[in-house]
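Read through the structure below, which is laid out as structure tokens, and then see the notes.
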Amino acid sequence: MMSVAYDFAHSPATEFMARPQHLLIDGRRVPASSGRTFKSLNPATGQVIATVAEGGEADVEHAVAAARRAFEGPWRTMRASERGQILLRWADLLKQHAEEIIELESIDAGKPISATLRQDFPAAVDTLIYYAGWADKISGDVVPVRDDALTYTVREPVGVVAAIVPWNFPLMIGMWKLAPALACGCTIVMKPAELTSLSALRIAELALQAGLPAGVFNVVTGPGRVVGDALVNHPDVDKVTFTGSPGVGRGIMKGAAGNFKRVSLELGGKSANVIFDDADLEAASKAAASGIFFNAGQVCSAGSRVLVQEKAYDEVVERLAARAKSLKMGDTLDRKTALGPVISEKQMKSILDYVDIGRQEGASLVTGGTRVGERGYFISPAVFANVEHEMRISQEEIFGPVVSVIKFRDEADALRIANGTAYSLAAGVWSRDIGKLQRFAKRARAGTVWMNTYGYTDVRLPWGGERDSGLGREHGTAVLDNFTEPKAVWMNLAV
């Protein structure tokens, strides 16, 4: 683990935030065409930390044009191995600026710095290095169709990509989209979430320093209803990759129909973490608490439904409540802080409304579920017992530190409840019976199933879901299909 020493008064992150945060288009930092700006807040304090350019349709037009020029020019014609070398230099620069980027991400997104240091930043760098290695290995096949022809396939970059990134993991998920798209030879216009724009702007500057040609990676900040919609509807954008809510995902699919853009969507989740009574209850409860309270529950694969077999139910509820009460909340730049704020006042109010809904539905609030302090947007982690599968807190994505503990009878009952939502992103299962584990994994409607663990991801494995959890896959070799188009070539040999 890297060692980080901070001087907050004069740190590079503080100095960066003090600068006007202009857009990055065609290799230059420029103000929004309208001159408008918006304020970025620290969720831990509610205080303004930066002034950010509010991009609009004209800025999207300029950014897409720049991306198109770069795609048709230096980036597409560059040797694939050289693209890979640029990405590796970029990864080296990220590591050189690790302290600044980690601090920036923690302040802007309200993340405990220990989590950013341990997960978000290393995962972003690992993703970049992994796909840098793929840049010169994306190949087609020779297909022996007939003796008088040479027939083969090639994979070509899809073109200009609009990457729309969420606020819960801006750096990490941003790199999930950037790295494979660039390795495949695409160019990008990124729209970071309005609430968390800073890390995207900083790493884009470092990409230019690494040698990325102007126009290959552009960043347009601003509201989704303006910048996002303009990108989705732009006729010269070839592909949209989005992570966010199912409602916005549906709107993107409608907008993309204008020129039949390629679309991949990583959407919501209401993941079931199933604990059978023969499981290691201490290990299962510990992982279940981490699976819902990590990042204040603002995780698409959060195990927000903990399903427990009848005999073990009371013990697991008690263990979850004890862990919820033990989590240290507070200053996100304190390495001992385990639970940070939720992202905004709006999100905090939405979560607290769900706590009220759970009570009204008849669930038992065992602990938590209240605002903590008057500064920032902190919520004490909530554990609901006696939750019925049909309740709204069991069916709807709360996206906060709220867990519903649901009782089940047997394997069939557990599977019915686990699969009984509109989501299918992930699931977990705990048992000492390997047959039981395998039966559940086979029948669970989930893109990822964890057995006797919960929450791990790796860029080398596909990631995604179906139904309200989206379509397409990120990570691994599967994501290469998102950013390339196969072309068949038929050469007549009988001439």
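Position 1 is the first residue of the sequence, and the numbers go up from there. This is a predicted model, so every value here is computed, not measured.
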Under the ring-ring contact (aromatic ring centres under 6.0 Å, His included) rule, what do F71 and W75 come out as? Steps first, then yes or no, please.
CA-CA 6 Å; F71 176 70; W75 194 238; over 10 Å; no
Tell me, with the steps shown, if V489 and T153 meet side chain to side chain contact (heavy atoms under 4.5 Å, CB included).
CA-CA 6 Å; V489 181; T153 64; over 6 Å; no
Test R262 against D481 for salt bridge (Lys or Arg N to Asp or Glu O under 4.0 Å), laying out the working first.
CA-CA 10 Å; R262 296 270 300 277; D481 292 334; over 6 Å; no
The test is side chain to side chain contact (heavy atoms under 4.5 Å, CB included); show your working for S404 and V306 and say whether it passes.
CA-CA 6 Å; S404 297; V306 175; over 6 Å; no
Steps toward salt bridge (Lys or Arg N to Asp or Glu O under 4.0 Å) verdict (K270, E396):
CA-CA 7 Å; K270 195 68 181 175; E396 299 177 15; over 6 Å; no
Determine, step by step, whether T221 and K191 satisfy the side-chain hydrogen bond (donor to acceptor under 3.5 Å, both in side chains) criterion, reporting the C-alpha distance in whole Å, the side-chain angles of both residues, the deciding distance to 0.1 Å, and the verdict.
CA-CA 6 Å; T221 53; K191 195 213 86 67; over 6 Å; no
Evaluate V219 against R29 for side chain to side chain contact (heavy atoms under 4.5 Å, CB included), listing each step before the verdict.
CA-CA 9 Å; V219 182; R29 295 295 296 270; over 6 Å; no
Between Y131 and L480, is a side chain to side chain contact (heavy atoms under 4.5 Å, CB included) present by the stated rule, with each step listed?
CA-CA 10 Å; Y131 286 109; L480 303 178; 4.2 Å; yes
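Note on residues 467-476: pairs passing salt bridge (charged side-chain N to carboxylate O under 4.0 Å, His left out), not counting sequence neighbours, are K177-E474, R250-D468.
Between the side chain of Q347 and the backbone N or O of S344, no donor-acceptor pair lies under 3.5 Å. Side-chain atoms of S197 come within 3.5 Å of backbone atoms of A193 as a donor-acceptor pair (strictly under, hydrogens ignored). Judged purely by atom type and a 3.5 angstrom limit, S380 uses its side chain to pair as donor or acceptor with the backbone of G369. For the pair R443 (side chain) and L415 (backbone), a donor-acceptor distance under 3.5 Å is absent. At distances below 3.5 Å, not a single donor-acceptor pair connects side-chain atoms of E388 with backbone N or O atoms of E361. In this structure, T127 contributes its side chain and A123 its backbone to a donor-acceptor pair below 3.5 Å. In this structure, T187 contributes its side chain and V216 its backbone to no donor-acceptor pair below 3.5 Å. E466 contributes no side-chain N or O that, together with a main-chain N or O of G447, makes up a donor-acceptor pair within less than 3.5 Å. Looking at D59, its side chain does come within 3.5 Å of a backbone N or O of S33 through a donor-acceptor pair. At least one donor-acceptor pair closer than 3.5 Å links the side chain of D458 to the backbone N or O of R460.
Heavy-atom neighbours of R225 CZ from other residues, nucleotides or ligands within 6.0 Å: at or below the threshold of 12. For CE of M253, the number of neighbouring non-hydrogen atoms (other residues, nucleotides, ligands) closer than 6.0 Å is 12 at most. In this structure, E156 places its CD atom where more than 12 heavy-atom neighbours from other residues, nucleotides or ligands lie under 6.0 Å away. Shown here is Y152, whose OH atom has no more than 12 heavy atoms of other residues, nucleotides or ligands within 6.0 Å. For NZ of K137, the number of neighbouring non-hydrogen atoms (other residues, nucleotides, ligands) closer than 6.0 Å is greater than 12.
Within the 4.5 Å cutoff, side-chain heavy atoms of L307 are placed close to those of R305. Under the 4.5 Å side-chain criterion, counting only non-hydrogen atoms from C-beta, C184 is in contact with I138. Using a 4.5 Å heavy-atom cutoff, the side chains of L94 and L206 are in contact. Residues I173 and N168 have side chains in contact (heavy-atom distance under 4.5 Å, counting atoms from C-beta outward). Counting only heavy atoms from C-beta outward, the side chains of V189 and L231 approach each other to under 4.5 Å. Side-chain contact between T243 and I164: absent, with no pair of heavy atoms (C-beta onward) separated by less than 4.5 Å. A heavy-atom distance below 4.5 Å is found between the side chains of L178 and F217. Side-chain atoms of S245 and E397, non-hydrogen and from C-beta on, never get closer than 4.5 Å to each other.
Considering T196, T332, N295 as possible partners of K111, the one that fulfils the side-chain hydrogen bond (donor to acceptor under 3.5 Å, both in side chains) test is N295.
Taking the six-membered ring where tryptophan is involved, the planes of W134 and Y130 are perpendicular, since the angle between them exceeds 60° and thus also 30°. In this structure, W176 and W463 have perpendicular ring planes: the angle between them is above 60°, well past the 30° mark.
Between R371 and G376, the shortest heavy-atom distance links the atoms NH2-O, 2.8 Å. Nearest heavy-atom pair across A70 and A214 is CB-O, 3.7 Å. A pairwise comparison of heavy atoms in V220 and L23 identifies CA-CD2, 4.1 Å as the closest pair. Counting all heavy atoms, side chain and backbone alike, V64 lies closest to H234 at CG1-CE1, 3.5 Å. Taking both residues in full, the closest heavy atoms of R83 and A135 are given as NH2-O, 4.2 Å, listed atom of the first, atom of the second, then distance. Scanning all heavy atoms of the two residues, the minimum distance from L198 to M17 falls at CD1-CG, 3.8 Å.
Going from atom CG of N218 over to atom CE of M190 covers 11.0 Å, rounded to the nearest 0.5 Å. One distance of note links NZ of K254 with CG of N233; it measures 12.5 Å at 0.5 Å rounding. Q21 CD to T51 OG1: the interatomic distance, rounded to the nearest 0.5 Å, is 8.5 Å. Atom OG of residue S271 and atom CG of residue L425 lie 5.5 Å apart, to the nearest 0.5 angstrom. How far CG of L182 is from CD1 of I86: 9.5 Å, rounded to the nearest 0.5 Å. The CG atom of L212 sits 8.5 Å away from atom CD1 of I188, with the distance rounded to the nearest 0.5 Å.
Salt bridge status for R28 with D26: absent, with no side-chain N to carboxylate O gap under 4.0 Å. We find that R392 and D353 are not joined by a salt bridge, their nearest charged nitrogen and carboxylate oxygen being 4.0 Å or further apart. Between R89 and D92 no salt bridge is recorded (no basic side-chain N to carboxylate O distance below 4.0 Å).
When only modelled atom types and interatomic distance are considered, S199 and E105 share a side-chain donor-acceptor pair under 3.5 Å. S40 and D108 share a side-chain donor-acceptor pair at under 3.5 Å. Side chains of R445 and S424: a donor-acceptor N/O pair is absent below 3.5 angstrom, by distance only.
Under the rule for a ring-ring contact (aromatic ring centres under 6.0 Å, His included), the partners of F399 that lie at least two apart in sequence or sit in another chain are W167.
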